[in-house]
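Please read the structure below before turning to the comments.
All values derive from a computational prediction rather than experimental measurement. All values below were derived from every heavy atom in this structure, side-chain atoms included, with hydrogens, water molecules and symmetry-related copies excluded.
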Amino acid sequence: MQILSAIAAEPEESTTAIPFMPELPEVETIARGLQRQVAGEVIESVWIGSKPEPLKSPARLIARTLEGARIAQVRRAGKHIVFDLEAKGAAAQWIVHLGMTGRMLVAQNQDEIAKHTHAIATLGSGRELRFVDPRRFGRLEVRTAQKFEAPGQEPLKVTLETFAQLFHGRKMPIKSALLNQKLLAGIGNIYADESLFRAGIRPRRLADRVTRAELHRLYDAVQQVLSEAIAAGGSSISDYVNAEGAEGLFQVQHRVYRREGEPCLVCGSKIRRTVIAGRSSHWCAKCQK
DNA sequence: ACTATTTCCTGGATGC
DNA sequence: TGCATCCAGGAAATAG
């Protein structure tokens, strides 16, 4: 609570809008919004742009799988949006990864086509699902064989026991381990930094050397951070799905992420930034050991 | 078997 | 004003 008031008192300097990054809470929010908006719809037709497409499955296969299929459910798995489909009695999945800049928008057919629109699925209602991704880090994929699940553990479902085991014997920085999707599915750079800050663990510490007590704190921190972000995003789901931008989707104040040089909200020390495994890592030297 | 590094991609910010 | 350069980062590919 004292932290919140500190934030409120902070004069808003250099309002460089923090770019929207779809990690677990954002994808969860988006998937819930899509579930509300398009579950039950039938995909009538599919358009996939030419050029180098951000696809993991051949364009033809995607189109053939989606066309005529009914969207039974939309859910999140790791950082993936999963459309569970029913097509002629057979199950299939349309899996969407947003990368850094990807968006899956629900649009009216008369709406202007945004730049960098790579795929459009026209629904029975006449509305359209549009995949837009300027940076092309996103990926579209379909699966028919097996039900898609993210490779790593779901951070909000994993037990403390299993969580702790993930890091055993890992000779990599704890930050890198948190980002490894094969271990935990859904944590990206923002929530890795925020979780480590709350747990009081420096990002460079080797995963193997983090004590059991610290792992317990980290486990709690990860769940707290993700839950709070989901709760914050939940209030503006429909805005996001319908709107062009992601403004207002995620308003949770970061305590360290992108706050290099600014005072730690707990102790006042300057937040530091170092590069770990090619990723910016933000931390407080006094609060994190 | 692991871990570390490079690559992809574009827009926005920064520098000269 | 304009152009070059850097940076953001998830995950696959490549290297060690």
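- Going from atom NZ of A:Lys115 over to atom C1' of B:dG12 covers 13 Å, rounded to whole Å.
- Here OG1 of A:Thr65 is found 8.0 Å from CG of A:Leu85. Values are rounded to the nearest 0.5 Å.
- Using a 4.5 Å heavy-atom cutoff, the side chains of A:Ile174 and A:Leu196 are in contact.
- Between A:Arg198 and A:Glu228 there is a salt bridge, with a side-chain nitrogen of the basic residue lying less than 4.0 Å from a carboxylate oxygen of the acidic one.
- With sequence neighbours excluded, the residues that form a side-chain contact (heavy atoms from CB on, under 4.5 Å) with A:Ala87 are A:Ala69.
- OP1 and OP2 of B:dC9 both lie 4.0 Å or more from every side-chain N or O belonging to A:His116.
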Between protein and nucleotides 5-8 of chain C, what N or O pairs are separated by less than 3.5 Å?
from: C:dA8; atom 1: OP1; to: A:Arg273; atom 2: NH1; distance (Å): 3.2
from: C:dA8; atom 1: OP1; to: A:Ser280; atom 2: OG; distance (Å): 3.1
from: C:dA8; atom 1: N3; to: A:Arg135; atom 2: NH1; distance (Å): 2.6

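- Following rounding to the nearest Å, A:Asn180 (CG) and B:dT3 (C1') show an atom-to-atom distance of 10 Å.
- The pair A:Asp208-A:Lys171 meets the salt-bridge criterion, with a side-chain N (NZ, NE, NH1 or NH2) lying under 4.0 Å from an Asp/Glu carboxylate O.
- At the heavy-atom level, A:Gly99 lies nowhere under 4.0 Å from the strands shown.
- One atom, CG of A:Leu183, and another, P of C:dG10, lie 15 Å apart when rounded to the nearest Å.
- Using a 4.5 Å heavy-atom threshold, the side chains of A:Leu98 and A:Asp133 count as separate.
- Within 6.0 Å of the NZ atom in A:Lys88, the count of heavy atoms belonging to other residues, nucleotides or ligands does not exceed 12.
- Across the protein-nucleic acid pair, A:Asp133 atom CG and B:dC9 atom C1' stand 9 Å apart, rounded to whole Å.
- Ion pair A:Glu161/A:Arg212 flagged as a salt bridge, since at least one NZ, NE, NH1 or NH2 atom sits closer than 4.0 Å to an Asp/Glu carboxylate oxygen.
- What separates CE of A:Met172 from P of B:dT5 is a distance of 12 Å, to the nearest Å.
- Of the candidate nucleotides C:dG10, B:dG11, B:dC9, B:dG11 has the atom nearest to the side chain of A:Pro134.
- When rounded to the nearest whole Å, the span between NE2 of A:His118 and P of B:dT10 equals 8 Å.
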Output a table of donor-acceptor pairs, distance under 3.5 Å, between side-chain atoms of residues 151-159 of chain A and any protein atom two or more places apart or on a different chain; print 'none' if there are none.
from: A:Glu154; atom 1: OE1; to: A:Arg76; atom 2: NH1; distance (Å): 2.9
from: A:Glu154; atom 1: OE1; to: A:Arg76; atom 2: NH2; distance (Å): 2.9
from: A:Glu154; atom 1: OE2; to: A:Arg76; atom 2: NH1; distance (Å): 3.4
from: A:Glu154; atom 1: OE2; to: A:Gly78; atom 2: N; distance (Å): 2.8
from: A:Thr159; atom 1: OG1; to: A:Thr162; atom 2: N; distance (Å): 3.2
from: A:Thr159; atom 1: OG1; to: A:Thr162; atom 2: OG1; distance (Å): 2.9

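- In this view, A:Glu44 and A:Val42 satisfy the side-chain contact (heavy atoms from CB on, under 4.5 Å) rule, not counting sequence neighbours.
- Within 4.0 Å of A:Gly169, counting heavy atoms only, lie sugar-phosphate atoms of the nucleic acid but no base atom.
- Note on the helix from B:dC2-C:dG16 to B:dC16-C:dG2: terminal axis deviation equals 50°, with five pairs used at each end and the result rounded to 10°.
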Item to complete: Assess whether side-chain hydrogen bond (donor to acceptor under 3.5 Å, both in side chains) is satisfied between A:Tyr191 and A:Glu26, documenting all intermediate values.
Response: CA-CA 11 Å; A:Tyr191 296 104; A:Glu26 291 75 25; 2.6 Å; yes
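- More than 12 heavy atoms of other residues, nucleotides or ligands sit less than 6.0 Å from atom CZ of A:Arg205.
- Remark: P of B:dC2 and CZ of A:Phe167 are 16 Å apart, rounded to the nearest angstrom.
- Spacing between atom NE2 of A:His168 and atom P of B:dC2 amounts to 13 Å, rounded to whole angstrom units.
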Worksheet, complete the sentence: Counting primed atoms, P, OP1 and OP2 as sugar-phosphate and everything else as base, the B/S/- map of nucleotides 11-16 of chain C against protein heavy atoms under 4.0 Å is BS----
